[in-house]
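First comes the structure, then the notes that go with it.
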Amino acid sequence: MGLTGLEIFKLLPKTNCKECGQATCLAFAMAMVSGKAGLDQCPHVGDEAREILGAASAPPVALVKIGAGEKQLALGNETVLFRHDKRFENPTGIAVSVCDTLDMEEVAARVEKINGLVFDRVGREYRIDLVAVCNCSNDRDRFAATVKMVAENTGYPLILITADPGSMEKALEIAGPGKPLLCGADETNYNAMTALARRYEAPLAVKGTSLDSLAGLVEKVAALGHKQLFLDSGARDAHLVLADQTQIRRLALKRFKPFGYPTITFASAEDPLQSVVEAGVYIAKYAGIVVIESVDPADVLSLITLRLNIYTDPQKPIAIESRIYEIGQPGPDAPVYITTNFSLTYFCMAGDVEASRVPGYILPVDTDGTSVLTGWAAGRFTPEKVAEMLTNSGIAERVNHRRVIIPGGVAVLSGKIRELSGWEVLVGPQESSGIPSFIKQLWRA
Amino acid sequence: MPLKDFLEASKGAIKEVTIGKEGKSATIGGEAVLPFHNFEGNLPRLPVMALEVWDTTPPETWPDHLRSHFGDVVNSPVLWAKKCLEVYKADLICLYLASAAEGEPDAPALAAKVKEIGDALPAPMIVYGTGEKDVDTLVLREVARACAGDGLLLGPVLKENHKEIAEAAQEYGHALIAQTPIDINLAKELNIKLSKFFPKERIVIDPLSSALGYGMDYSFSVMERIKQVAVLFGDDMMKMPIIANLGRECWRAREAKENDQQGILWEAITAMTMFLAGANLAVVGSPDSMKLVKKLLGQFSTGQIEV
Ligand code: B12
Ligand code: SF4
């Protein structure tokens with residue numbers, strides 16, 4: 001909220017009617033500043049006040065949507081420059097490009113690869129988000145045909161990249177109802193592009209040749225009545241893109257209106273691996289969308305993992321429920337593993353238990369979502385908690401033995417666990433990748 | 001246009017730390033801006049990269065695609081280090097004293113070996129201990145003495161052993177890596193303790209790096225916070241440059257081990273992300289990932305850029 005308590009107070013009815021639940025209008029204003037009350041709670045606030053207050057409390061980076069239906073993507077809504085100040089909200093959309101110079105078979109093959117870029121990580125599925133069709137050929141019919149081919153073969157929302165309004169118009173006749181991102185408007189074509197974006201109620205990327213020119217152009221487009229925008233400063237060298245991304249975010253947070261939209265970036269280095277690292281720079285630093293060329297799963301998994309790291313809420317580690325998990329179909333003689341309920345730790349080691357092909361039970365102890373060593377160092381992964389889990393989880397009724405495997409990193413806990421629980425303690429390897437060979441040698445139940 | 005009015009003045013500059021001695025040295029730090037923000041202040045130099053060399057043969061867990069860069073030279077730390085510098089063009093090397101972690105180390109013999117390696121090289125050297133406080137106290141004090149005047153970057157020193165190691169580093173002219181577990185307050189506390197008797201210009205902060213997908217988010221944010229406090233708020237106890245020792249972390253990750261290209265990217269992206277967060281020096285394992293990051297950095301400019 002950009003307004004002070006007094007500024008808000010001046011816009012309120014000042015009747016102190018208490019209907020909002022606060023003793024006075026002033027108290028209500030103060031509660032709004034601290035985020036404890038919302039404007040909706042005052043039934044008497046006037047339209048003008050509502051507009052001013054609404055604008056001030058809107059997020060500094062607008063929420064802009066691409067696509068329609070299930071895979072619609074919403075970007076923006078960001079409120080901070082540093083993730084440690086709160087969190088980043090909407091993960092960078094990863095778009096994979098398809099060039100219209102390919103022949104139709106190649107297009108279809110490429111789209112199939114793009115559709116297959118799906119990864120499992122820490123128990124969830126991760127994907128790319130968009131397909132960017134590029135009018136590299138400068139041929140209108142070719143562009144339209146490629147867009148058609150892509151649209152028919154993928155469920156992802158599209159980005160249509162062409163500077164020619166004629167090409168865009170043709171492509172929109174096919175893809176328009178899917179609300180693609182038009183990419184886009186520049187100084188020379190913005191009237192026509194904005195008209196198309198308005199006609200199809202689709203988002204529009206606005207491209208400047210510098211931050212200044214971008215700001216000017218956004219104002220012109222907004223004046224034409226379109227406000228679902230993405231920003232592109234025109235920079236393509238990694239360092240300059242980084243500088244512009246940073247400035248755009250910072251200015252947006254300072255309520256510089258023309259920059260209050262998500263951005264779009266392009267990883268354009270010629271060396272394919274280098275362009276992946278470049279895309280990583282943009283993901284780490286504020287890009288709303290990054291367009292990449294690669295369809296190699298190795299490249300995309302690296303970027304998706306980076307995005308997951310940067311967009312994780314720093315205030316809450318991802319934890320899983322502390323209960324018995326079964327890997328495979330474990331019987332009464334299956335091994336029992338102890339770990340912590342930090343989801344990264346759990347999924348890491350559960351993957352290795354699975355890889356061992358020996359069915360087993362995993363008991364993640366509730367360490368408030370901390371890893372094995374962090375939990376141990378912080379006093380949250382204790383022999384008491386392990387013993388309690390062995391006793392209270394019901395595992396004793398499921399197995400006919402009393403042997404438990406603990407992580408090698410906390411070997412020092414074994415004596416105490418044995419003493420408290422009566423279970424025999426086997427110290428596993430330090431790293432869970434050692435579990436398959438460990439279990440094959442050691443488990444003779 | 002009003003855009004320039006929004007540039008932010010910084011209150012502090014990161015200290016410059018020089019590793020090595022006359023004729024073979026490397027300097028890190030010195031920027032008066034947040035990482036790569038030279039659109040609003042001076043960035044005297046880009047971050048540097050060290051390749052890691054083990055004083056034993058590398059572990060079984062190293063995948064072939066990492067091992068194959070080095071071939072036979074992994075049996076000789078001197079040859080290994082030379083290859084890193086001469087063939088792969090690392091800015092410097094980081095000698096990891098892995099042997100000290102295996103049983104009782106013979107500290108004087110190990111220190112003599114370190115001296116021999118250092119003398120054979122045309123570039124300065126980081127010497128990284130085991131992280132185990134008692135072993136490191138024993139070994140790093142000996143190393144400091146044997147390499148007197150060579151200006152090593154020595155570490156890690158922890159809250160628990162900083163005094164013993166720092167005294168030796170002070171006496172024999174080395175710089176120090178002050179390590180704390182991903183916590184800005186602990187980092188500051190250790191810097192305060194050290195700077196009571198050790199020059200601030202010879203301290204490098206190690207807030208701990210973790211690999212992409214394995215806790216890197218925490219390292220990223222702690223580094224960003226340290227830089228913010230140092231540069232924007234001018235906190236003198238946080239103005240030391242930062243080291244990101246990430247190679248060993250990355251090559252433990254399953255994703256790095258299972259596929260060559262993915263391994264290179266895993267490490268390169270981790271390194272680049274640490275640089276974006278504020279690291280001034282990164283230690284990596286693979287020459288390929290180093291090359292990739294260096295190539296990208298090569299397109300970044302120093303000094304001040306116009307916006
Ligand atoms: C990220 C991190 C944090 C994050 C928390 C992350 C989290 N959610 O847990 C933060 C910044 C909050 C943090 C805080 C602290 N940390 Co910390 N942290 C790390 C770091 C860098 C990575 C941890 C991680 O995510 N690892 C990845 C997961 C997957 O690893 P893992 O859980 O160990 O699982 C592996 C193995 O244990 C094994 N495994 C797991 N389960 C099982 C089960 C079986 C049966 C087997 C066989 C194997 C196995 O396989 C897994 C994959 O290999 C480590 C250093 C490092 N590189 O490990 C330090 C580290 C764990 N932290 C440490 C410390 C001291 C702390 C603090 C106490 C410091 C402080 N005073 O502030 C605090 C405590 C916080 C608190 N009060 O809650 C120390 C622990 C030292 C020690 N040996 O005791 C470490 C080792 C750093 C160091 N070298 O000093 N930390
Ligand atoms: S409901 Fe509105 S008018 Fe009534 S006291 Fe609250 S703020 Fe004032």
Side-chain angles (χ1 to χ4, degrees), chain A residues 81-85 121-122 210-212 215-216 237-240 242-244 246-247 250-251 254 256 259 269 271 273-281 283-285 296-299 301-306 308-312 314 317 342 344 348 351-352 371 373-374 377 431-434, chain B residues 1-4 6-8 34-40 61 181-182 184 210 212-222 224-225 228 252-266 268-273 275-277 288-289 291-293 295-297 299-301 305 307:
Chain A
L81 194 57
F82 297 104
R83 62 190 287 283
H84 60 252
D85 285 338
R121 217 188 136 71
V122 283
S210 67
L211 287 179
D212 278 352
D237 291 341
H239 194 175
L240 296 178
L242 174 61
D244 288 353
T246 309
Q247 284 293 85
R250 200 192 259 169
L251 287 159
K254 290 182 175 166
F256 179 66
F259 287 172
D271 176 303
L273 278 192
Q274 203 186 325
S275 77
V276 179
V277 183
E278 198 181 296
V281 171
I283 289 175
K285 288 288 166 179
D296 187 328
D299 298 352
L301 176 63
S302 308
L303 292 175
I304 282 183
T305 310
L306 173 64
L308 187 60
N309 273 174
I310 297 293
Y311 281 83
T312 295
F342 180 32
L344 178 61
C348 230
D352 290 318
S371 74
L373 288 179
T374 307
E431 282 173 38
S432 56
S433 55
Chain B
M1 192 65 196
L3 285 186
K4 284 204 173 63
F6 286 101
L7 296 179
E8 292 199 348
L34 292 179
F36 305 112
H37 278 215
N38 39 340
F39 51 84
E40 56 189 353
T61 52
I182 328 189
I184 186 168
S210 12
L212 178 60
Y214 293 87
M216 187 185 71
D217 39 337
Y218 296 95
S219 304
F220 180 80
S221 286
V222 80
E224 281 205 320
R225 288 183 66 194
Q228 200 181 12
R252 272 170 39 193
R254 176 175 54 77
E255 294 86 345
K257 287 194 272 197
E258 76 189 1
N259 169 320
D260 185 4
Q261 180 170 325
Q262 203 163 282
I264 296 170
L265 284 171
W266 219 255
I269 289 178
T270 306
M272 194 62 211
T273 311
F275 285 153
L276 289 173
D288 278 345
S289 55
K291 200 166 110 193
L292 201 54
V293 176
K295 199 166 155 201
L296 184 58
L297 283 181
Q299 295 169 5
F300 280 49
S301 27
I305 49 178
V307 278

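The sequence lines fix the lettering, A, B, ..., with proteins before strands; numbering per chain opens at 1. Keep in mind that what you see is a predicted model, and the values were worked out from it rather than measured.
Interface summary for chain A: among B:Val293, B:Ile264, B:Ile182, B:Leu276, the most heavy-atom pairs under 4.5 angstrom belong to B:Leu276. Taking chain A as the reference chain and counting heavy-atom pairs below 4.5 Å, the highest number among B:Gln299, B:His37, B:Lys295 is found for B:Lys295. By number of non-hydrogen pairs under 4.5 angstrom with chain A, the leading residue of B:Glu258, B:Arg225, B:Lys257 is B:Arg225.
The closest donor-acceptor contact from the side chain of B:Arg254 to the backbone of A:Gly351 lies at 3.5 Å or more, if one exists at all. Looking at A:Arg83, its side chain never comes within 3.5 Å of a backbone N or O of B:Phe220 through a donor-acceptor pair.
Of all heavy-atom pairs between B:Leu212 and A:Ser302, the closest is CD2-O, 3.7 Å. In terms of heavy-atom proximity, A:Ala298 sits nearest to B:Leu265 at O-CD1, 4.1 Å.
Between A:Leu240 and B:Ile305 there is a side-chain heavy-atom pair separated by less than 4.5 Å. B:Val222 has its side chain out of reach of A:His84: every pair of non-hydrogen atoms, C-beta onward, lies at least 4.5 Å apart. Annotation: side chain of A:Thr374 is not in contact with side chain of B:Tyr218 (no heavy-atom distance under 4.5 Å).
If you measure heavy-atom distances from A:Leu242 to chain B, the contacts under 4.5 Å come from the side chain alone. Looking at A:Thr312, only its side chain comes within 4.5 Å of chain B, counting heavy atoms on both sides. Heavy atoms of A:Asp296 lying under 4.5 Å from chain B belong exclusively to its side chain. Contact annotation for A:Leu344: only side-chain heavy atoms (C-beta onward) come within less than 4.5 Å of a heavy atom of chain B. Neither the backbone nor the side chain of A:Ile283 comes within contact range of chain B; no heavy atom of the residue lies under 4.5 Å from a heavy atom of that chain. For chain B, the nearby parts of A:Gln274 are the backbone and the side chain; heavy atoms of each come within less than 4.5 Å.
When the options A:Leu308, A:Ile310, A:Asn309, A:Leu306 are evaluated for a side-chain contact (heavy atoms from CB on, under 4.5 Å) with B:Asp217, the one that passes is A:Asn309.
Classified by interplanar angle (parallel below 30°, tilted 30° to 60°, perpendicular above 60°), the ring pair B:Phe300/A:His239 is parallel.
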